Amino acid sequence: MRFSLSLSSPHCFLRFSTLSPLPHYPSMASGSNSLIWFRKGLRIHDNPALEYASNGSTYLYPVFVIDPHYMEPDPNAFSPGSTRAGLNRIRFLLESLVDLDSSLQKLGSRLLVFKGEPSEVLFRCLKEWDIKKLCFEYDTEPYYQALDIKVKNYASAAGIEVFSPVSHTLFNPADIIQKNGGRPPLTYQSFMKLAGQPSWASSPLSTNISGLSPVGNVGNCEISKVPTLQELGYEDIGQDELTPFRGGESEALKRLDGAMKDKEWVAKFEKPKGDPSAFQKPATTVLSPYLKFGCLSSRYFYQCIQDVQKNVKKHTLPPVSLLGQLLWRDFFYTVAFGTPNFDQMKGNRICKQIPWNVDDGLLAAWRDARTGFPWIDAIMVQLQKWGWMHHLARHCVACFLTRGDLFVHWEKGRDVFERLLIDSDWAINNGNWLWLSCSSFFYQYNRIYSPISFGKKYDPNGDYIRHFLPILKDMPKEYIYEPWTAPLSIQNKAKCIIGKDYPKPVISHDIASKECKRMLAEAYELNKKLNGSVSEEDLKISRRKFEEDQSQESNSKRLKNKS
DNA sequence: GAAGGGTTGTAGCT
DNA sequence: AGCTACAACCCTTC
């Protein structure tokens with residue numbers, strides 16, 4: 001906290017001088033009114049901002065603001081939803097809000113929902129209700145960093161106390177960066193050394209609140225209930241088309257409980273050994289969407305895992321253990337917070353500069369599950385329908401799009417994931433795309449996931465493919481990962497003609513992956529030579545060079561074929 | 001400068 | 001299920 005405040009102070013002064021005269025506050029006779037502003041942290045348990053807001057206040061106003069920029073339907077988007085979020089995640093959020101409202105009501109309170117630009121709405125509320133204490137969970141994302149400076153400046157000018165605790169992550173990213181001399185650690189091991197045990201690891205978290213201060217008079221503020229999808233302007237889509245995962249804290253705790261009951265499973269958890277093709281019963285906890293919205297406290301989750309581990313003889317360790325997964329989350333939050341332009345290649349000091357293709361055709365084929373590789377396409381269908389896939393499945397499609405086969409820019413794939421995943425998290429999503437594209441953290445670009453054999457290893461019968469790509473459901477298992485190799489008689493029998501009912505592969509994996517390796521090798525060399533300061537012009541030149549090489553190669557092949 | 005390590009590659013062998 | 005070769009990257013640490 002201290003570190004981040006000192007970071008933001010220059011902006012503070014700038015913003016301060018541009019503020020209009022101090023707002024006038026009505027001289028309402030009141031004790032002390034507090035406002036808890038929910039953004040993430042959509043929970044009651046282990047919610048320090050909520051607890052602090054309620055303590056000693058006469059009235060407590062729990063507020064959530066629906067931001068039209070995030071929630072308004074966008075008919076031009078490539079899938080149902082808003083500009084930024086697919087329908088699955090919007091629905092997950094609404095369900096989480098309904099659950100939060102009902103939990104608040106059990107504690108004698110309720111959720112006050114507004115629509116509009118968050119800071120404008122908030123300023124109106126602060127004035128109208130004569131708020132003395134404003135509480136909200138600290139957020140490290142650039143969007144909230146900018147918004148929160150605005151809000152904090154307004155509050156301090158108006159003499160309102162602001163309480164903004166770090167409770168979304170296990171550690172405060174700013175502390176870890178400070179410990180490391182101002183730069184974030186770039187490896188998991190160095191992160192672990194710096195982080196150590198969380199300060200609260202063995203002290204009880206506040207998971208039981210018996211009651212909250214009542215909601216005061218809301219005055220002239222226009223408050224609505226949690227809207228339905230239809231009220232937000234979305235069409236009614238069949239349940240079958242939507243994610244099987246329900247949002248909300250209650251659901252999160254139920255799911256957590258279910259996972260923790262199987263002590264052996266928790267103790268033996270090894271992430272890389274999970275089966276990405278398991279969909280009836282996923283190989284992981286599927287708690288990520290709940291962590292994303294803060295329906296589940298990562299600290300509470302941490303303590304639950306710790307409890308299980310204490311009571312077994314042997315358990316796995318980070319990075320592969322279940323606890324290790326939570327630490328990965330904090331790792332990415334820390335690097336993301338301490339790296340300017342973390343979500344792009346340009347101006348990102350930890351990101352290799354690579355001359356990615358600009359090929360919207362290949363991107364669209366990948367996005368719309370038309371690559372012709374059933375393993376890849378099935379995963380993309382699961383993404384569209386469920387908004388969730390196993391971690392290793394994400395690896396396969398991310399590798400395929402970028403360094404493995406299509407050589408499309410990781411930012412394009414990132415955008416698709418960010419929109420469609422119900423657990424899409426700014427720091428983690430960008431971190432993993434940097435990882436998978438060999439742009440940062442991970443550099444062994446020879447290790448390419450095969451779009452054919454990787455899935456086969458887990459699911460030789462192709463049940464996962466048959467489920468998400470029913471057009472291939474009668475394809476014999478000998479051909480289901482490479483249906484273009486099936487004889488026409490087999491294709492006929494399976495009622496799936498390749499090139500007509502299901503596409504032919506967009507590339508040859510053998511050729512494309514070799515080409516990708518070569519391009520990465522050259523790009524790395526250039527990055528080394530220019531010591532990280534690769535310009536747009538350098539990238540253009542190498543892109544052109546690759547294209548020339550490619551056409552020369554195909555020319556020589558043509559010549560060879562002729563002779 | 002060299003050595004060691006890096007959450008999760010593939011193919012082929014036992 | 002576990003070894004090996006394959007080809008070989010980067011970053012951290014010494």
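None of these values were measured; they are calculated from a predicted model. These values consider heavy atoms only, across backbone and side chains, with no hydrogens, waters or symmetry-generated copies. Chain letters run A, B, ... following the sequence lines, proteins first, then strands; residues in each count from 1.
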Identify, with sequence neighbours excluded, every residue that meets salt bridge (Lys or Arg N to Asp or Glu O under 4.0 Å) alongside A:K273.
A:E270
Residues which pass salt bridge (Lys or Arg N to Asp or Glu O under 4.0 Å) with A:K313, listed by chain and number, not counting sequence neighbours:
none
Mind checking side chain to side chain contact (heavy atoms under 4.5 Å, CB included) for A:E418 and listing every partner two or more places apart, or none if nothing turns up?
A:R414, A:S424, A:W426, A:N429, A:N430
Which residues satisfy the side chain to side chain contact (heavy atoms under 4.5 Å, CB included) test with A:H391, sequence neighbours excluded?
A:K271, A:H395, A:N432
Please enumerate all residues that pass side chain to side chain donor-acceptor pair (under 3.5 Å) together with [X], with sequence neighbours excluded.
{"X": "A:D377", "value": "A:T371, A:Y502"}
{"X": "A:H390", "value": "none"}
{"X": "A:D474", "value": "none"}
{"X": "A:S167", "value": "A:E137"}

To the nearest Å, give me how far apart [atom1] ([X]) and [atom2] ([N]) are.
{"X": "A:K528", "N": "C:dC9", "atom1": "NZ", "atom2": "C1'", "result": "9 Å"}
{"X": "A:M192", "N": "B:dT7", "atom1": "CE", "atom2": "C1'", "result": "11 Å"}
{"X": "A:F441", "N": "B:dG6", "atom1": "CZ", "atom2": "C1'", "result": "13 Å"}
{"X": "A:Q189", "N": "B:dG5", "atom1": "CD", "atom2": "P", "result": "11 Å"}

Do any N or O atoms of the protein come closer than 3.5 Å to N or O atoms of nucleotides 8-14 of chain B, and which pairs are they?
from: B:dT8; atom 1: O2; to: A:P272; atom 2: N; distance (Å): 2.7
from: B:dT8; atom 1: O4; to: A:H391; atom 2: NE2; distance (Å): 2.9
from: B:dG9; atom 1: O3'; to: A:I448; atom 2: O; distance (Å): 3.1
from: B:dT10; atom 1: OP1; to: A:S450; atom 2: N; distance (Å): 2.4
from: B:dT10; atom 1: OP2; to: A:K457; atom 2: NZ; distance (Å): 3.4
from: B:dA11; atom 1: OP2; to: A:S453; atom 2: OG; distance (Å): 3.0

Short N/O separations, protein against nucleotides 11-14 of chain C, under 3.5 angstrom:
none

Hey, do the aromatic rings of A:W410 and A:F417 have their centres closer than 6.0 Å?
no
For nucleotides C:dA8 and B:dA3, find the distance between their C1' atoms and express it as a whole number of Å.
15 Å
For atom P, what is the distance between B:dG5 and C:dT4, given to the nearest Å?
16 Å
Please list, chain by chain and in numerical order, all residues satisfying ring-ring contact (aromatic ring centres under 6.0 Å, His included) with A:Y479, sequence neighbours excluded.
none
Carboxylate-amine/guanidinium contact A:R394 A:D423, below 4.0 Å:
yes
Those stems involving DNA chain C that have three or more consecutive Watson-Crick or G-U pairs, both distances under 3.5 Å, are B:1-6 with C:9-14, B:9-14 with C:1-6
